[in-house]
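A quick write-up on the structure given underneath.
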Amino acid sequence: MKRILLMILTIAVCLPILSGCGLPNLDENNIKSISVTSSPEGYEYSFKGADAQAIVDYLESLHLTPYLGLPSETGMAWVISIEDKNGKITTVYHSCNKYIMAEGGLRYEMIFEEANRFSSLLYELDN
């Protein structure tokens with residue numbers, strides 16, 4: 001009986017990890033625009049169409065690990081605001097080239113190389 005309970009508990013804990021990245025499900029056909037700002041202030045971008053889709057593709061390609069602790073690093077954060085065609089805005093915080101989380105959601109740790117690619121993507125899309 002204890003083994004069965006332990007297995008059920010293990011599955012319950014692992015299922016959210018295995019079921020996806022934990023960021024909001026982004027329907028590319030419903031995206032109106034994406035704006036990206038930095039915190040602290042200094043950078044501001046706005047994207048529509050194929051460029052907005054490139055941001056969605058980036059977010060959906062990330063390999064994430066749930067991070068339950070407090071952030072161990074501080075630094076710049078990208079604030080990604082995704083507006084759908086109904087006017088609903090979903091905000092995602094991409095910080096320190098290490099953490100990502102949707103507003104009101106869980107924090108995830110990113111692979112450094114994947115996280116670092118976001119700044120390059122913004123530069124490419126802006127030029």
Side-chain angles (χ1 to χ4, degrees):
M1 182 67 169
K2 287 182 181 180
R3 280 189 191 177
I4 293 172
L5 289 175
L6 182 59
M7 286 175 41
I8 292 171
L9 180 61
T10 302
I11 290 170
V13 169
C14 293
L15 191 57
I17 296 168
L18 299 174
S19 65
C21 72
L23 293 178
N25 185 15
L26 303 173
D27 177 7
E28 62 268 5
N29 297 318
N30 196 30
I31 302 294
K32 178 179 175 185
S33 65
I34 295 179
S35 65
V36 180
T37 57
S38 63
S39 179
E41 295 178 358
Y43 297 96
E44 189 172 322
Y45 303 94
S46 183
F47 304 105
K48 292 183 177 187
D51 290 345
Q53 184 58 46
I55 301 288
V56 169
D57 292 344
Y58 166 80
L59 292 171
E60 290 180 340
S61 73
L62 294 172
H63 295 89
L64 305 176
T65 304
Y67 187 82
L68 301 176
L70 295 174
S72 59
E73 299 181 26
T74 59
M76 191 177 94
W78 293 110
V79 180
I80 306 165
S81 298
I82 305 160
E83 183 178 7
D84 68 20
K85 292 179 180 173
N86 296 322
K88 179 183 175 212
I89 297 176
T90 301
T91 304
V92 175
Y93 301 94
H94 183 294
S95 59
C96 307
N97 278 340
K98 187 168 184 168
Y99 307 107
I100 193 164
M101 67 181 281
E103 189 168 21
L106 295 175
R107 178 177 285 113
Y108 293 86
E109 190 169 3
M110 297 179 280
I111 297 170
F112 176 77
E113 291 78 14
E114 290 180 0
N116 195 40
R117 192 174 44 163
F118 189 64
S119 296
S120 299
L121 176 62
L122 291 174
Y123 179 78
E124 290 169 22
L125 295 174
D126 193 45
N127 289 316

Checking [X] now: which residues fulfil side-chain hydrogen bond (donor to acceptor under 3.5 Å, both in side chains) with it, not counting sequence neighbours?
| X | value |
| --- | --- |
| Ser61 | Arg117 |
| Asn116 | Asn97 |
| Tyr45 | none |

I'd like to know whether Glu109 forms a side chain to side chain contact (heavy atoms under 4.5 Å, CB included) with Leu64, so could you lay out the CA-CA distance, the side-chain angles of the two residues, the decisive distance to 0.1 Å, and finally the verdict. CA-CA 6 Å; Glu109 190 169 3; Leu64 305 176; over 6 Å; no
> If you measure only the distance, is there a donor-acceptor pair under 3.5 Å linking the side chains of His94 and Tyr58?
Replying inline: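 There is such a pair between these side chains.
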- Counting only N and O atoms by type, is there a donor-acceptor contact under 3.5 Å from the side chain of Ser39 to the main-chain atoms of Glu41?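 Side chain of Ser39 to backbone of Glu41: no pair is present.
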Can you tell me if Asn86 uses its side chain to pair, donor with acceptor, with the backbone of Lys88 under 3.5 Å?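 Such a contact is absent between Asn86 side chain and Lys88 backbone.
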Query - Heavy-atom closest contact (Ile34 atom, Ala52 atom, distance) - result: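 So the minimum-distance heavy-atom pair works out to CD1-O, 3.4 Å.
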Just to verify, what does Ser35 make a side-chain contact (heavy atoms from CB on, under 4.5 Å) with, not counting sequence neighbours?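 Residues passing side-chain contact (heavy atoms from CB on, under 4.5 Å) with Ser35: Ser81.
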Could you tell me which residues satisfy side-chain contact (heavy atoms from CB on, under 4.5 Å) with Asn127, sequence neighbours excluded, listed by chain and number?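 Per chain and number, Asn127 pairs via side-chain contact (heavy atoms from CB on, under 4.5 Å) with Tyr123.
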Practice task
Output all residues satisfying ring pair (Phe, Tyr, Trp, His ring centres under 6.0 Å) with Tyr93, sequence neighbours left out; order by chain, then residue number.
Solution key: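 If we apply the ring pair (Phe, Tyr, Trp, His ring centres under 6.0 Å) test to Tyr93, skipping adjacent residues, there are no hits.
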Step by step, would you call Tyr67 with Leu106 a side chain to side chain contact (heavy atoms under 4.5 Å, CB included)?
CA-CA 8 Å; Tyr67 187 82; Leu106 295 175; over 6 Å; no
